[in-house]
Structures are given as structure tokens and as C-alpha cells.
Amino acid sequence: MTEQTSHAEQLHLSGVSHGYGDRELFTGVGLVIAPGEHVAIVGENGAGKSTLLRILAGLERPDAGTAVSHGRVGYLAQTSGLPARLTVAHAIDDALRALHDMEAELERLEYGLAAAEANDLEAYGSLQTQYQLREGYAADSRVEAALDRLGLGGVDRNRTLGSLSGGEQERVALACLLADPADILLLDEPTNHLDAGGTAWLEARLASHRGAVVVVSHDRVLLRKVASTVIEVDAERRAVNRYGNGYDGYLKEKRAERQRWVQQYHGWMDAMAAEQRQADTVATKMGYARQRDGDKMGFDFKAGTWERAATSKIRNAQERLRRLEANPVERPPERLKLEAGLDGGGAAGNAEGEPGLALRIRGVRVQGRLELPSFRVERGQKILITGPNGAGKSTLLSVLAGTLEAPVGNVERSGRIGYLQQELEPPERPGLRLLPAFAAGLGGNIDDHAEALLRLGLFRTSEFHVPVGGLSAGQQRRLALARLLLGHNDVMLLDEPTNHLAPVLVEELETALAGFSGTLVMVSHDRALRQWFSDCAERSANPVRGTETERPRGAWLRYTMDRGVLAPAPVAA
């Protein structure tokens, strides 16, 4: 399809295809982003979201097709890319260079304004209008305010960027980008290194930006507040799909797509069954038709005629069946579901025979990382642990899981434990194919495991033979999640469970966790997941009549952690 570009369009892709090596990310993409449109790019980790953003920014040339932009483009990568030798002051000066050049030119023109000719007056007026539209007079105060809101107000401007942490460098780059915001802002995971205050400030700035905004993010709260349009990079179909009505409209349409898929699948199955019945019924009747009556000649004539007609009907039914089989509708994946083990989370394996105990820590200390006199988790409880980076949350989960042995203190565990680490370890056997890696240690038949994995919808059959060493971070995460979902664990320990997962999958995972009858201990910075946890706690404590089947299971508790010390906290997000 040929599309006509217009200068009203700020970004325009036509027939864009791109990939790396023999791996094609997307093909034949046509996309228009209008002035003032606020867009979120979502999809699985490794699907090509950052690549699409770089193509929109003009930093990467597509293998095929064209990418055109109209207006100034500002781009923020996941890593700042600013030279380490630059000082903070130099980085700010570079960001404001165009405005400072405009100021200098305005001063030059003002100096000779009394004797200026008509052309000079027109140039001065035009330049002044541009300067005012870009709010140049407020640029210096704007960048200072940005640095302050991003937690860098006290940073010495003479420090080199190389002396700052990675997160601080990212925040300097973000402040510089927004000091003189371009017509088109392209941002890749801009909230990765922001605290709650900085994130709220960024959301307000992006929502009020008059130009186009395109943001790649897993932050569902930001997507809800900023995006009017969602663009999904579909790794399975190598396509880019557009959804209107914001993030919630995107989720609603994805649910409708799934329902249509279910209906198409059942319609295909019904049609297959109908054609098979038609062929079987006619074949059965042919047997009855062979019974003779007294008129041999008449019987042979009638039987021959009927059998030719019946054979034609069978042949037609079989042909229709063959066409249906040649164009199958894949079975839709089941909703994610977590089933606890037979014990349900607790009694077996408890050294002291306490049937209510799932986990207990006594006097545990890991030098500089964790210090817990006591911590007890009852079976069926759902616990969320929050706190700043480096507070010791991941260390606590590792100690509870047994992957880290505390040099001081002891840990009691009951039942089967499943553990999802924040950063997955590299596979021990990178050459092992995905399906055998999934089935490892689960017992049973490999075909049954393939069927179970397909039902989850986390992988396609074509991916079963991919070596685990070649999987993306998102695929590695989904493989670990699949083993947990089908592992019948009594206790689930989840460290940042939403990392690297597409939004629709995260929504399904939350639903599965709400219905889990076992014990759950979870660490997360995800603001949307925290709000979901608070909602579940409220619904669990105050169920609405008639919705008992939707009531979240167990008691929902929240703790905060700082400098290795754990303390109870209000459940509200």
C-alpha cells in the first residue's frame, strides 16, 4: 500500500523492514505519527522496540523502506551516550547551544535595529518568534528545575559525567533533553533510573508537551498517563500494530482480539467435525444401501446411482476437510494459571511440625546486606517487599530460596519452592534446546511437556528448537516463568516478576498470582503491580457479594526494606 506523506505528519514510515543477520524484526511497516500525538511502543523484550525508536530518530537506517521526520527530533537512549569527559556544565551548554546561538543573533540584530533594513527587521521578528515559541528566556531556569526534580540539584556542575553513576548520567541526559524540548521527543525507558518524585515530574512534562512524544516503556502507570496511542511490536508476526484510546483501550482491544481468536478456533474445530461426520454418515448409509430386495436389476441400477452420488458426497466432504486442515487456526493459549502443590504451601518438611508455617528466618545476617532477627511467613500469605535499590531485598529472597546460604542464623522452609531471580544466571548448557530445557527435571513425556508449554502461549512450536544460549532476555524470563507456572510450587519467591515481559502478559500474570492458593513473597519496583497488590489486599479483606470466586486468595501483607532491615508497612500503594 502506497501512502502519501504530508508535512502535517511529524514521523512517517513507509514499507520499513529491518533485522539483524537472519533474524527479521518487522517487515513492511507503514506508520504515521501526527503532530502532538503521544505514543507508547510496547512489546516483548527483544522484539525490536528500541530498534524501531532508533529508526524513527534517524539513527539507524532500515533494511528496506523509508523513514521521514518533520521538525526537530530529541532522542534519549537507555544509556546516555554522552562523552564521559564532559562536565555537567558542558553537557548543559551543549543542550542549550542552539538557544544561546539564537540569543547571540538577536543581540546582534538588536544592536543595529535603528538603522536596519526591511529584511533585517523581518529576520529579527522571525527569530524572536522562534525563540519565544521555544521559551528560550526560561531555558536556564528550566534545566536547573529539571536537575533538581531529578535528584541532581546538588551535583557539582564541574564534575565529569564519567565520575557519575550510570543512573545519574541518564538523569543528566534527560534534563538536557527537556531543557530545550524538540518538536518530537523519542525516549527509551526514561523512568529506569528515576525515583517516585522524578517519575511523576517526567509524566507531567511529557503529558503537557505540545509536540509528538514516542516512548518505549514497561512502566504501565506512565503509559496510562502519557499515551493516547499504543504501538505494539509483534515479534511473532514480525509486524507493528497500532491501537487507539490509550493504554486501557489497547488492553481492551487485545482482550477482544483474543476472544475473536477463540471464536475462530472453535468455528474451525466445529467445521472440521461437521465435515468428518458428513463423510462418516454417508459411508455408513452406503452399507445399508447394499442390502438387496427382490428386484435384482432395479436394485443394481438404484444402488449404483446412489453409490455414485454418495461417493461424490464423501469426496466433497473430504476435500472440504482437506482444505480446513491445510488452513488451520492455531489453538489459543490458555489463561496463565498458578497451581500450588498438593500440600498447598506448608506442612510437609517443617522441622517443628507447625502446619501453618511456610518460611521462617531466625537471626540471619549477611554482612553489609541483610540483618533479620526474625521473619515468619504463614502458608497462603501474599507478601510484597519494597524499598530502594541496594536495600537487601534480592538478598532476602536468595536466602529464603536457599541459593544464598547465610553465614549466621538459620532458615526453615516448608513445601516445594519456586524462585524467579531478578537477573537470571547464564544457562549451564547454552546449546540445549528450549523444549528439553523447559522439561528438565519435570519427568513425564516430552510430548506432554510440549503440549503444556504451547497451552501457556509463551512460546511457539518454531522456538522449541532454539538453543537457550541464543534466547533474548525476555525469552529467558518467559522460560523461567513457564517452569514456575507448571511446577506446582507451594511457595513462590518472585524478584521483579514483571521485568522484560510485555504488558498483556504482565496483566495475565497478575490475575494468576491473585488466584494462587499457595504462599507468595514478591519484590517489585513496578508501580502498577504495587497498586494491583493494594487492590487485591482490599478485595481480599472486603469481598463484594457475588464475586467470591474472584476474591484474591490468602492474607495480603506489605513490608519495606532499607539497609538490610525489614519492617511492616501499610498495604496501600
Side-chain angles (χ1 to χ4, degrees), residues 11 18 20 41 45 48-62 67 69 71-105 130-131 134-136 138-195 197-199 201-202 205-206 209 211-219 389-390 473:
L11 293 167
H18 198 63
Y20 301 104
I41 299 179
N45 184 273
K49 303 185 298 296
S50 295
T51 299
L52 180 62
L53 200 67
R54 288 194 298 270
I55 290 173
L56 289 169
L59 300 175
E60 193 162 341
R61 187 187 297 273
S69 63
R72 293 185 305 123
V73 176
Y75 171 71
L76 180 76
Q78 287 194 44
T79 53
S80 73
L82 296 174
R85 66 180 184 278
L86 283 184
T87 65
V88 174
H90 286 145
I92 294 170
D93 287 342
D94 282 352
L96 298 177
R97 187 175 305 282
L99 287 177
H100 290 162
D101 289 347
M102 292 172 74
E103 288 174 359
E105 181 64 11
Q130 291 180 46
Y131 189 71
R134 288 168 67 166
E135 299 179 350
D140 289 313
S141 61
R142 190 163 57 240
V143 74
E144 291 298 325
L147 289 169
D148 184 62
R149 296 301 297 270
L150 294 173
L152 298 172
V155 172
D156 185 348
R157 301 297 190 267
N158 292 318
R159 283 186 62 178
T160 62
L161 296 177
S163 71
L164 303 177
S165 69
E168 289 172 329
Q169 292 181 44
E170 281 298 295
R171 283 179 276 156
V172 168
L174 179 58
C176 290
L177 179 75
L178 298 176
D180 178 24
D183 304 317
I184 306 164
L185 292 178
L186 308 174
L187 304 96
D188 198 350
E189 298 290 356
T191 63
N192 273 357
H193 302 285
L194 302 185
D195 61 14
T199 300
W201 173 82
L202 176 63
R205 285 298 305 270
L206 295 181
H209 183 61
V213 174
V214 183
V215 58
V216 171
S217 182
H218 286 85
D219 188 332
N389 288 330

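Just so it is clear, the structure is predicted and the values come from calculations on it, not from any experiment. The figures here come from the full heavy-atom set of this structure, side chains too, leaving out hydrogens, waters and symmetry mates.
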(message) Under the rule for side-chain hydrogen bond (donor to acceptor under 3.5 Å, both in side chains), what residues qualify as partners of R134, not counting sequence neighbours?
(response) D180
(message) Surrounding NE2 of H209 (heavy atoms of other residues, nucleotides or ligands, distance under 6.0 Å), is the total greater than 12?
(response) yes
(request) State, to 0.1 Å, how close P190 and L76 come at their nearest heavy-atom pair, and which atoms those are. (result) CB-CD2, 4.0 Å
(message) Just so I know, are the side chains of R72 and I184 near enough to count as touching, which here means a heavy-atom distance under 4.5 Å?
(response) no
(request) Go through the steps to decide whether L194 and R171 satisfy the test side chain to side chain contact (heavy atoms under 4.5 Å, CB included), and finish with yes or no. (result) CA-CA 8 Å; L194 302 185; R171 283 179 276 156; 3.5 Å; yes
(request) Check whether any side-chain heavy atom of R149 lies under 4.5 Å from a side-chain heavy atom of R205, and answer yes or no. (result) no
(request) Give the C-alpha distance, both sets of side-chain angles, the deciding distance and a yes or no for salt bridge (Lys or Arg N to Asp or Glu O under 4.0 Å) between E144 and R157. (result) CA-CA 11 Å; E144 291 298 325; R157 301 297 190 267; 2.5 Å; yes
(message) If you compare all heavy atoms of L206 against all heavy atoms of V213, which two are closest, and at what distance to 0.1 Å?
(response) O-CG2, 3.9 Å
(message) Side chains of L177 and L187, heavy atoms from C-beta outward: is any pair under 4.5 Å?
(response) yes
(request) Compare every heavy atom of C176 with every heavy atom of A91, then report the nearest pair and how far apart it is. (result) O-SG, 3.6 Å
(request) Taking R142 for its side chain and A175 for its backbone only, find out whether a donor-acceptor pair lies under 3.5 Å. (result) no
(request) Give the intermediate values and the outcome of side chain to side chain contact (heavy atoms under 4.5 Å, CB included) for residues V88 and L161. (result) CA-CA 6 Å; V88 174; L161 296 177; 4.2 Å; yes
(message) If you count heavy atoms of other groups shown closer than 6.0 angstrom to CZ of R159, is the number above 12?
(response) yes
(message) Let's go through L52 and V216 carefully: what are the C-alpha distance in whole Å and the side-chain angles of both, what is the deciding distance for side chain to side chain contact (heavy atoms under 4.5 Å, CB included) to 0.1 Å, and is it a yes or a no?
(response) CA-CA 10 Å; L52 180 62; V216 171; over 6 Å; no
(request) Locate the shortest heavy-atom distance separating S217 from T191; write the atom from each residue and the value. (result) OG-OG1, 4.4 Å
(message) Is any side-chain heavy atom of L86 closer than 4.5 Å to one of T160?
(response) no
(message) Distance check, rounded to the nearest 0.5 Å: L174 atom CG versus W201 atom CH2?
(response) 5.5 Å
(request) Compare all side-chain heavy atoms of H18 with those of I55 and state whether any distance is below 4.5 angstrom. (result) yes
(message) Just verifying a value: how many Å separate L150 CG and L202 CG, rounded to the nearest 0.5 Å?
(response) 7.5 Å
(message) A side-chain contact here means heavy atoms from C-beta on lying under 4.5 Å apart; do V73 and L56 qualify?
(response) no
(message) Would you say that L147 contacts I92 through its side chain, given a criterion of any heavy-atom pair below 4.5 Å between the two side chains?
(response) yes
(request) Please lay out, stage by stage, how D140 and H100 fare under the test side chain to side chain contact (heavy atoms under 4.5 Å, CB included). (result) CA-CA 10 Å; D140 289 313; H100 290 162; 3.9 Å; yes
(request) Starting at NZ of K49, measure out to CD of E189 and round the result to the nearest 0.5 Å. (result) 7.0 Å
(message) I'd like to check L152 versus L164 (side-chain heavy atoms, cut-off strictly below 4.5 Å). Are they in contact?
(response) no
